[in-house]
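In what follows, a single structure is set out as structure tokens and then discussed.
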Amino acid sequence: MTKLHSALSPLLDHCPKTLPAEAYLDPNWFQREQEAIWHRDWVYIGRLSDLPEKTLRRFTVCNQSILIAHGDNGQISAFLNVCRHRGAEMCGVEDRTFNGRLITCPYHSWAYDIQGHLRSTAFATPTADFDKTEYGLFPVAYKVWCGCIFVSLAETPPEFSPDVGVDALNSWPMTELVTGHEFETDLACNWKIFWENYNECLHCPGIHPALSARVPVYRQGVMSANETSGTPFDGPVLAENAVTWTVDGKTCGPEFSDLSDDERKTAHNFVTVYPNMFVVAHVDYVRIVSLQPLSAERTKLKAEWLFLPETISAPGFDLPNVVDFATTVLLEDGAACEMNQRGLHSKGYRSGRLMPQEFDIAKFHDWVRSRMS
Amino acid sequence: MTKLHSALSPLLDHCPKTLPAEAYLDPNWFQREQEAIWHRDWVYIGRLSDLPEKTLRRFTVCNQSILIAHGDNGQISAFLNVCRHRGAEMCGVEDRTFNGRLITCPYHSWAYDIQGHLRSTAFATPTADFDKTEYGLFPVAYKVWCGCIFVSLAETPPEFSPDVGVDALNSWPMTELVTGHEFETDLACNWKIFWENYNECLHCPGIHPALSARVPVYRQGVMSANETSGTPFDGPVLAENAVTWTVDGKTCGPEFSDLSDDERKTAHNFVTVYPNMFVVAHVDYVRIVSLQPLSAERTKLKAEWLFLPETISAPGFDLPNVVDFATTVLLEDGAACEMNQRGLHSKGYRSGRLMPQEFDIAKFHDWVRSRMS
Amino acid sequence: MTKLHSALSPLLDHCPKTLPAEAYLDPNWFQREQEAIWHRDWVYIGRLSDLPEKTLRRFTVCNQSILIAHGDNGQISAFLNVCRHRGAEMCGVEDRTFNGRLITCPYHSWAYDIQGHLRSTAFATPTADFDKTEYGLFPVAYKVWCGCIFVSLAETPPEFSPDVGVDALNSWPMTELVTGHEFETDLACNWKIFWENYNECLHCPGIHPALSARVPVYRQGVMSANETSGTPFDGPVLAENAVTWTVDGKTCGPEFSDLSDDERKTAHNFVTVYPNMFVVAHVDYVRIVSLQPLSAERTKLKAEWLFLPETISAPGFDLPNVVDFATTVLLEDGAACEMNQRGLHSKGYRSGRLMPQEFDIAKFHDWVRSRMS
């Protein structure tokens, strides 16, 4: 799932070393990343449109279970998914409904309000030394951007900063879109291997035959036409009169009405939010790909396809024509990532070298190093 | 599987802290418990009536394989399940028969007598430096109480002390009872979570609808009627004219003949033997629930239903009517325990607070702390 | 799969202690063995006849993935199975074909020649600071003996030294033989348990009824007739007029033409190459048994049956008659090894004692100790 740049991208002027092999293998390194990145940065957990009012959702961010509550008057709140009494999990299933006001623990019926304050201990009658105000749910910071919910486990969350800015998707009706399809898989690789694969296209000719046929510059192993020429690019991005990422290259419904000519011509507009998600906005639909590390060597991958409600409900809407194209690309990348992870176990390999075309991997490595220092 | 007290139970006068989260999660804590509790205290391993003469049984106590031998003249002996030659397992299956006198290793046929002395090295002809008397099987202490076999891996075993005394079941014909049904499951929780669940009834209204209908005081989340009133309790313990724990509330056979009026009225007489078993004696049958820790976060649970032989063999004996009632309660408690264990992984949770009604958990925690210090 | 000696074998004059229990259980001990033995000594990885020209093979030696290449003009080379770019696995399947000259990484198409030199970085255009000559594949030493491929991960490999010399199989047409059958299984035991089982026959009467019937001396629990008498042995080795290890005792095809009378009479000629293989050469076929440790407590076992091509292709060739006999023995030994491993977990067992008949285990233990010191 390599991103494509429409802007000019300067090649590296040298071949830097990659991160060392232990960055992908060592449980202690993973533990440090958990603290420095995953329990600090903004992590995408799902679409607001998929969380109706009066619903509790459980979501795991790098081994920490989070509870998201959508109250009965639209307010959202997020907590660590644990009761303060004896540590039971408050929400034990992916989703459960509630009355929109009181979040009740299923074990001993302690009840917290939507702000997390402890309101009732049910059949238990605490003595005076127990101060209810000290036993609220542990709050978690959250943010909704473009209809996407993010949480941060930091006490002071960092700035929310997509790579191309928070306004990059302003021409898309992001909050109106609904989920039409989901694809989930587990990969036997470190989460950073996934991002490295995402950040270069040298692998495209060998790994993605169909994608490289659709996006001609990928056949040269580059992410943008001007990467090699150094001059602005003006030809069509997609081959064969295709206008979007579908099997037949045709749109799956009406094009979004507010896109600029440039946005239409680019055909796939990538927005990246490290460490766990990117958005690809097409002229007719939007795709979100997100990941969750399960351990140093296992990562859960999820893709969501978003559409206007009227697109999905239109007669003749052809879902497989939309989802099969990118699903194939994801499966090809997943296999490549696992092959990369296996090789890292070799005792000869300490670190590799980045090629000049791998400028976005270099930036990603710098981001990781800065977070870890 | 909450116990019920018939005696007056004083509420706690404050809300103590629970054990810390690591007590349920940390493999090192579990390792220390293994030494301090599981490889020291008396551990129930099964019913003598299920171990015929001339039988060897293998049983695991917290990762240590134990061999129980029932000889041909009634004597029992217990050993570590390992041959002194090169360390083979003496009994590799749950049960195997033997001649009642010589316990033979299946690997190289070394033979030990029922006292564990090495009697033969078969085809091997040791030289003079090998002293047979130093190569007997490693003995393990054992004890039979109420037809139940217990072992202790301590060199000097502690006193055997059921919570309500060794005579508590004297009115029941414990040694005559035979096993009519077994239920076994693995729980994804620490073994102490099981005992905490056992030691309070605050969860009963939310977790056990059928049980709370049968035992009315449970509907108030208490374990005995006088827990809240502070006055002696004199009403019927079970609702709807029920006299025992069966689905229809009727006995499954004749009532035991020697029970006192109080024992009959109590309807469920609990005896607890930490760390791994409790007995519930009803007017018509007896149930034993026992557990074995597999790791810090996994516990094996077993329930056995004991009956008089004539009860089981009587025409019309309705086994499901007996076992379904308590099995449902066990499954409900198992799910609650697993929910509790999952919540303990939350980084916000360090420890909880006990409520005044959780006086028996406080006692259990004190017992654990004293063993660990 | 106990070996049988035809030469005089002196019994031990005392009963030495075995290796300590942790040698079979402790992951740290296993880690040290990996460095001292498995990543140093010559390890059998397969038959040259099973690796056609223009084929790459992946093989794992104690967690290290090795790539064997058989070029288009007969040359062999061996490398660590990892690309120098970003660490991808070069060969991700058991076998794959190639053009016999360039070994290409499936990820970004870097290509190395058969000597391992980096020849092309495909779409990547490294800057001047990248010196291709420093980025060849990591070489691994290899050796072909009797048609068997061995590799050593040592920088300076040790001498290759089968227990009875490199010429022991000179009368057999080893390079002409082809694989007629393979059997593979995983054993829940340390790899040294397997060799201990191999090195004594005290277990034969109890564990191998059919084998002990075929090889009469095994019925006495000894490996050679003169082991007990101390005098040269002159009788037939196999019972019931059998001449080889088949179910009916008859040959599966023509006898090898160049065997000496002694080699014929011995009936099973054992050659052992520590740490991972032995050969049993019969008058009509050859069997290779090899093992690979997966962890301290898991070992992969493989058996291969080798025949002259004309034997396999002859009408009426009866494969089950050949393979069932030794497969039964292997399964019996595998179960015994797992029983031994389980027993070693007993906290009472620190180490055992070898019997005088276990002289070959004593030698094996000395070999292990010398490697580990």
Side-chain angles (χ1 to χ4, degrees), chain A residues 31 34-35 38-40 58-67 78-94 96 104-112 116 118 120-141 153-155, chain B residues 11-25 188-190 192-193 196-197 199-208 212 217-223 227-228 332-333 335-358 361 365:
Chain A
Q31 179 70 29
Q34 190 168 288
E35 296 306 314
W38 289 94
H39 289 174
R40 222 198 93 188
R58 178 179 74 170
F59 192 86
T60 301
V61 175
C62 215
N63 94 20
Q64 284 300 300
S65 186
I66 312 289
L67 171 71
F79 306 101
L80 296 183
N81 187 13
V82 63
C83 179
R84 299 296 303 276
H85 173 204
R86 285 191 356 239
E89 194 179 48
M90 296 291 298
C91 182
V93 290
E94 200 181 338
R96 71 175 170 93
T104 304
C105 177
Y107 200 174
H108 303 100
S109 305
W110 284 29
Y112 304 84
L118 177 57
S120 161
T121 57
F123 293 101
T125 53
T127 43
D129 57 311
F130 180 83
D131 180 356
K132 265 189 190 174
T133 65
E134 290 177 1
Y135 284 85
L137 294 175
F138 297 108
V140 170
L153 286 166
E155 287 194 30
Chain B
L11 302 191
L12 296 175
D13 61 3
H14 69 297
C15 293
K17 286 176 91 169
T18 64
L19 296 175
E22 63 260 34
Y24 309 89
L25 303 172
C189 71
N190 185 276
K192 298 186 297 295
I193 291 287
E196 292 170 2
N197 170 276
N199 274 316
E200 50 89 0
C201 205
L202 294 168
H203 70 275
C204 292
I207 302 290
H208 302 304
S212 296
V217 296
Y218 286 2
R219 275 196 294 235
Q220 279 86 51
V222 298
M223 290 185 291
E227 193 173 297
T228 44
E332 290 165 345
D333 279 328
C337 288
E338 295 188 333
M339 173 176 72
N340 196 349
Q341 183 75 23
R342 287 195 302 272
L344 296 174
H345 287 266
S346 183
K347 63 190 248 176
Y349 182 86
R350 307 279 184 209
S351 66
R353 292 287 288 275
L354 295 184
M355 295 294 106
Q357 285 79 7
E358 296 175 314
I361 299 183
H365 285 179

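Letters A, B, ... mirror the listed sequences (proteins, then strands); counts begin at 1. Nothing here was measured: the structure is a model prediction, and the numbers come from that model. Quick note: numbers below take in every heavy atom, side chains included, and nothing from hydrogens, waters or symmetry partners.
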**Prompt:** Which atoms of Phe138(A) come close to chain B, meaning under 4.5 Å heavy atom to heavy atom: side chain ones, backbone ones, both, or neither?
**Reply:** side chain
**Request:** Give a yes or no on whether the backbone of His345(B) and the side-chain of Gln64(A) come within a donor-acceptor separation of less than 3.5 Å.
**Result:** yes
**Request:** Quick one: pull up OG1 in Thr125(A) and CE in Met355(B) and give me the separation to the nearest 0.5 Å.
**Result:** 8.5 Å
**For chain A, the option from Ser351(B), Ala21(B), Gly348(B), Ala336(B) that forms the most heavy-atom pairs under 4.5 Å** = Gly348(B)
**Asked** What distance do Leu344(B) atom CG and Ile193(B) atom CD1 have between them, rounded to the nearest 0.5 Å?
**Response** 5.0 Å
**Fill in**
Answer key: most heavy-atom pairs under 4.5 Å with chain B among Leu153(A), Asp129(A), Asn81(A) is Asp129(A)
**Message:** At a 4.5 Å cut-off on heavy atoms, which part of Glu338(B) comes close to chain A: side chain, backbone, both, or neither?
**Reply:** neither
**Request:** For chain B, find which of Ser65(A), Pro106(A), Cys105(A), Ser109(A) contributes the most heavy-atom pairs closer than 4.5 angstrom.
**Result:** Pro106(A)
**Message:** Any heavy-atom pair between the side chains of Arg86(A) and Glu200(B) that's under 4.5 Å?
**Reply:** yes
**Request:** Using atom types as modelled and distance alone, determine if a side-chain donor or acceptor of Arg84(A) lies under 3.5 Å from a backbone N or O of Tyr135(A).
**Result:** no
**Message:** I'd like to know if the side chain of Arg40(A) reaches the main chain of Ala154(A), judged simply by a donor and an acceptor atom lying under 3.5 Å from each other, with no hydrogens or angles considered.
**Reply:** no
**Message:** Is there a side-chain contact (heavy atoms from CB on, under 4.5 Å) between His365(B) and Glu358(B)? Walk through the geometry before answering.
**Reply:** CA-CA 11 Å; His365(B) 285 179; Glu358(B) 296 175 314; over 6 Å; no
**Asked** Between Cys337(B), Gly206(B), Pro205(B), which shows the greatest number of heavy-atom pairs under 4.5 Å with chain A?
**Response** Pro205(B)
**Asked** Where on Thr18(B) is there a heavy atom nearer than 4.5 Å to chain A: the side chain, the backbone, both, or neither?
**Response** side chain
**Heavy-atom proximity to chain A below 4.5 Å, by part of Arg350(B)** = neither
**Parallel, tilted or perpendicular: ring planes of His85(A) versus Trp110(A), cut at 30 and 60 degrees** = parallel
**Message:** Report which part of Leu12(B) has an atom under 4.5 Å of a heavy atom belonging to chain A: side chain, backbone, both, or neither.
**Reply:** backbone
**Message:** Let's test your reading of the structure: which of Ile66(A), Leu80(A), Asn63(A) forms the most heavy-atom pairs below 4.5 Å with chain B?
**Reply:** Leu80(A)
**Message:** Taking side chain as everything from C-beta outward and backbone as N, CA, C, O, which of these in Ile207(B) sits under 4.5 Å from a heavy atom of chain A? Side chain, backbone, both or neither.
**Reply:** side chain
